[in-house]
Amino acid sequence: MHLAAPLTLACGLVLPNRLGKAAMTEQLALDGEPNERLRRLTARFADGGAGLLITGNVMVHRDHREHPRNVVVDERTSRPALALWARAAGDTPLVAQISHPGRQGLYAPRGSVAPSAVAMRGVGPFFQTPRALSVDEIADVVRRFAYTAKALDEAGFAGVQVHGAHGYLVSQFLSPLSNRRDDAYGGDLAHRARFLLEVLGAVRAAVRPGFAVMLKLNSADFQRGGFDDDDALAVIAMLEGRGVDLLEISGGSYESPAMLGLRASTLARETYFLEFAQRARGATKIPLMLTGGFRTPAVMEQAVASGAVDVVGLARPLAMEPDLPRRVLAGDAKPAIEGRDRVGVPLLDKILSAQTYVEQMHRLVDGRAPDPNLSRAWTIAHALWMTRG
Ligand SMILES: Cc1cc2nc3c(=O)[nH]c(=O)nc-3n(C[C@H](O)[C@H](O)[C@H](O)COP(=O)(O)O)c2cc1C
């Protein structure tokens, strides 16, 4: 079985199999600190048998968080707490996803920032209108990515994944809809990709050679006039020789949530971005992880066996069934368990359908089984409560 074959990355890190847990924001940290509840969740996922665990997004800036309860890794973060978190996965490679939310942050006490002062559309009152970053501030964010990566390396993590997808800051720079700059960081694609390439360069330079540096990138933003698949292929070509060990492919943003299958075009087939992955395969030698929609073991096996991708990324199925990798690797053909996650109101679904899986992860922390019939009223109430910090 191809899913059971190990994969050695360029940095030397060996993934014991081809099923990877994709990032899911855990919303468990208080004041940015990794804690015992987060360690319990990490250990639970490690027990499930995946060959790679990618944490939920870890913030590089304390004042800019995707969610108030994200982990923050800066000069204030407890190093012993970080080291304990790194060890919680045991022998399973644990990679921290590192991110800056830009305008897509629920927590920005001093105001949100972005490439340009362009507000998000269609997501109601959840996000502030950002102000544009100065060139000095961009350099500061690049330094913070490097600082965070180095701290995670020293703490014992196997690697980091730069979050370049889903409408967060890196992805805001890449998209002409959110990046209207006319300096070295805006304009044509080469300039819009400059921030990403500076972040990758600074991160690689800050960590040890055996430490994995990964990237999550959108195949497209799924918005008219936005970052499209040709742009994505051009960016992938720019990654050559920059020390990226694994490239994860996804798509969409809060404005257009293709990554969750909330668009007809992505829901049409089980794997949302497989065709793009096949094109990306022709454009790079970097190992590819594909995330979004995988539910059937045969489809997972086929994706790897066909040579289209190297690693199958799984997010929601693992919140519902953390032992799914173990069962798939043992040859069980039953599909993943689906959660009941849609209300049918587009704006609410954009926010809540993912939030139901946060609730499932919190059940796992407390030693409870995921609940396919989780109350939506509870999800809404708890989600609102947690945004208080
Ligand atoms: C609760 C939840 C939290 C998520 N948090 C993150 C995150 O922190 N970073 C990220 O890149 N993607 C995040 N995602 C997106 C997933 O990594 C993945 O791309 C998406 O869920 C599609 O994969 P799936 O069909 O296997 O769930 C999240 C998804 C869910 C459901």
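Whatever order the structure lists ligands and atoms in, that order sets their numbers, starting from 1. The structure presented is a predicted model; accordingly, all values stated were derived computationally and were not measured.
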Exercise. Given that the side chain starts at C-beta and the backbone is N, CA, C, O, which of these parts of Q355 lies under 4.0 Å from ligand 1, counting heavy atoms, or is it both or neither?
Worked result: neither
Seminar exercise, completed: For G293, the ligand 1 atoms with a heavy-atom partner under 4.0 Å come out as 24 (P), 25 (O)
Exercise. If we ignore angles and hydrogens, is there a donor and acceptor under 3.5 Å between the side chains of T55 and E26?
Worked result: no
Problem set entry | Proximal ligand 1 atoms for T291, defined as those under 4.0 Å from one of its heavy atoms | 18 (C), 19 (O), 23 (O)
For this session: Would you mind telling me if ligand 1 is within reach of the side chain of R295, the backbone, both or neither, using heavy atoms under 4.0 Å?
Result: side chain
Problem set entry | ligand 1 atoms in contact with A22 (distance to a heavy atom under 4.0 Å) | 17 (O)
Problem set entry | Distance from atom 1 (C) of ligand 1 to nearest protein heavy atom, with residue and atom | A354 O, 3.2 Å
Problem set entry | Minimum-distance protein heavy atom relative to atom 5 (N) of ligand 1 | T25 N, 2.9 Å
Problem set entry | Taking atom 6 (C) of ligand 1 as the reference point, the nearest protein heavy atom with its distance | A23 O, 3.2 Å
Problem set entry | Qualifying residue for side chain to side chain donor-acceptor pair (under 3.5 Å) with N57, from R65, Q97, E66 | E66
Problem set entry | Nearest-contact summary for atom 20 (C) of ligand 1 - protein heavy atom, Å | M259 O, 3.5 Å
Exercise. Do the side-chain N and O atoms of Q355 and T379 include a donor-acceptor pair separated by under 3.5 angstrom?
Worked result: no
For this session: Kindly assign one of parallel, tilted or perpendicular to the pair F157 and W85, based on the angle between their ring planes and the thresholds 30° and 60°.
Result: perpendicular
Exercise. Is there a heavy atom in P317 that sits closer than 4.0 Å to ligand 1?
Worked result: yes
For this session: If the plane angle is over 60° it's perpendicular, under 30° parallel, otherwise tilted; pick one for F222 and F273.
Result: tilted
Seminar exercise, completed: Per-atom filter on ligand 1: closer than 4.0 angstrom to a heavy atom of L260 are 21 (O)
Exercise. Taking the six-membered ring for Trp, are H163 and H166 parallel (under 30°), tilted (30 to 60°) or perpendicular (over 60°)?
Worked result: perpendicular
For this session: Run down the list Q161, H166, Q97 and name the one with the heavy atom closest to atom 15 (C) of ligand 1.
Result: H166
Exercise. What pair of heavy atoms forms the shortest contact from A165 to N218, and how long is it?
Worked result: CB-OD1, 3.1 Å
For this session: Would you mind running through ligand 1 and noting each atom that sits below 4.0 Å from a heavy atom of L314?
Result: 26 (O)
Problem set entry | Test item: Q223 side-chain N/O and E255 main-chain N/O as donor-acceptor pair under 3.5 Å | no
Seminar exercise, completed: What one should report as the nearest heavy-atom pair of R281 and I286 is NH1-O, 4.3 Å
For this session: Can you figure out which of E248, Q360, K216, E359 has its heavy atom closest to atom 12 (N) of ligand 1?
Result: K216
Exercise. Who's the nearest protein heavy-atom neighbour of atom 27 (O) of ligand 1, and how far?
Worked result: R316 NE, 2.7 Å
Exercise. Is it true that a side-chain atom of S116 and a backbone atom of R180 form a donor plus acceptor pair closer than 3.5 Å?
Worked result: yes
Problem set entry | Nearest-contact summary for atom 29 (C) of ligand 1 - protein heavy atom, Å | M24 CG, 4.0 Å
Exercise. Which atoms of ligand 1 are found less than 4.0 Å from any heavy atom of V358?
Worked result: 1 (C)
Exercise. Does L288 belong to the same Ile/Leu/Val/Met/Phe/Trp/Tyr cluster as V162, with side-chain heavy atoms less than 4.5 Å apart forming each link?
Worked result: yes
Problem set entry | Taking atom 26 (O) of ligand 1 as the reference point, the nearest protein heavy atom with its distance | A315 N, 2.8 Å
